[in-house]
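Side-chain atoms are counted along with the backbone in the values below, which use heavy atoms only and exclude waters and symmetry mates.
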Amino acid sequence: QVQLVESGGELVQDGGSLRLSCEASGRAFSTNAMAWFRQAPGKEREFVAAISSSGASASYGNSVRGRVFISRDNAENTVYLQMTSLKPEDTAVYYCAATSGYRFDAPPPFQNEYADWGQGTQVTVSS
């Protein structure tokens with residue numbers, strides 16, 4: 001099992017940038033493929049980005065591709081989500097999730113693939 005704690009969410013203006021962090025503890029971090037999802041009020045949880053356990057591969061959701069970048073630091077047990085050109089529609093609670101395996105391939109963008117979840121961090125983009 002992995003414990004995940006997100007941070008970095010805040011209120012930003014339209015067009016701004018933000019970096020989210022997710023620190024993991026428990027199961028060896030380097031064996032976990034990681035992902036970010038988000039959920040806006042009244043909407044289903046949506047895939048944002050994922051990265052393989054080695055960091056070799058990443059994938060992105062269609063609504064954020066080209067504006068976000070996922071990375072990881074296995075020495076710091078942390079995965080990051082750098083977001084740029086933020087829009088009001090990016091407003092959501094952002095969740096970090098972990099799954100074992102996927103050393104070289106990015107894990108799939110499906111919620112049920114991930115067994116461990118953080119509590120989320122709120123990102124609000126004002127227009």
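When only modelled atom types and interatomic distance are considered, Gln82 and Ser17 share no side-chain donor-acceptor pair under 3.5 Å. Side chains of Arg38 and Ser63: a donor-acceptor N/O pair is present below 3.5 angstrom, by distance only.
Distance check, rounded to the nearest 0.5 Å: OG of Ser127 to NZ of Lys87 gives 14.0 Å. Rounded to the nearest 0.5 angstrom, Ser57 OG and Arg103 CZ are separated by 11.5 Å.
For the pair Asn77 and Ser25, the minimum side-chain heavy-atom distance is 4.5 Å or more. Under the 4.5 Å side-chain criterion, counting only non-hydrogen atoms from C-beta, Phe104 is not in contact with Ser52. Between Gln3 and Gln1 the shortest side-chain heavy-atom distance falls below 4.5 Å.
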Handout entry: Test log, rule side-chain contact (heavy atoms from CB on, under 4.5 Å), inputs Arg72 and Tyr80
Key = CA-CA 6 Å; Arg72 64 188 296 154; Tyr80 302 98; 5.9 Å; no
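Looking only at distances, a side-chain donor or acceptor of Glu6 sits under 3.5 Å from a matching main-chain atom of Cys96. Remark: the backbone N or O of Asn32 is not paired with any side-chain donor or acceptor of Ser100 at under 3.5 angstrom.
Residue pairs meeting the side chain to side chain donor-acceptor pair (under 3.5 Å) criterion with at least one member in residues 106-120, sequence neighbours excluded, are Tyr102-Glu113.
For Glu89, the CD atom sits in a packed shell: over 12 heavy atoms of surrounding residues, nucleotides or ligands are nearer than 6.0 Å.
Shown here for Ser59 and Pro107, the closest heavy-atom pair between the two residues is OG-O, 4.1 Å. Thr78 and Ser21 make their closest contact through CG2-CB, 4.2 Å (heavy atoms, listed as atom of the first residue, atom of the second, distance).
Taking Ile, Leu, Val, Met, Phe, Trp and Tyr as hydrophobic and joining them when side-chain heavy atoms fall under 4.5 Å apart, one finds Leu86 in a cluster with Val2, Leu4, Val12, Leu18, Leu20, Phe29, Met34, Trp36, Val48, Ile51, Tyr60, Val64, Val68, Phe69, Ile70, Val79, Leu81, Met83, Tyr94, Val123, Val125.
For Arg45 and Phe37, the positive end is not near the middle of the six-membered ring at less than 6.0 Å and at most 45° from its axis.
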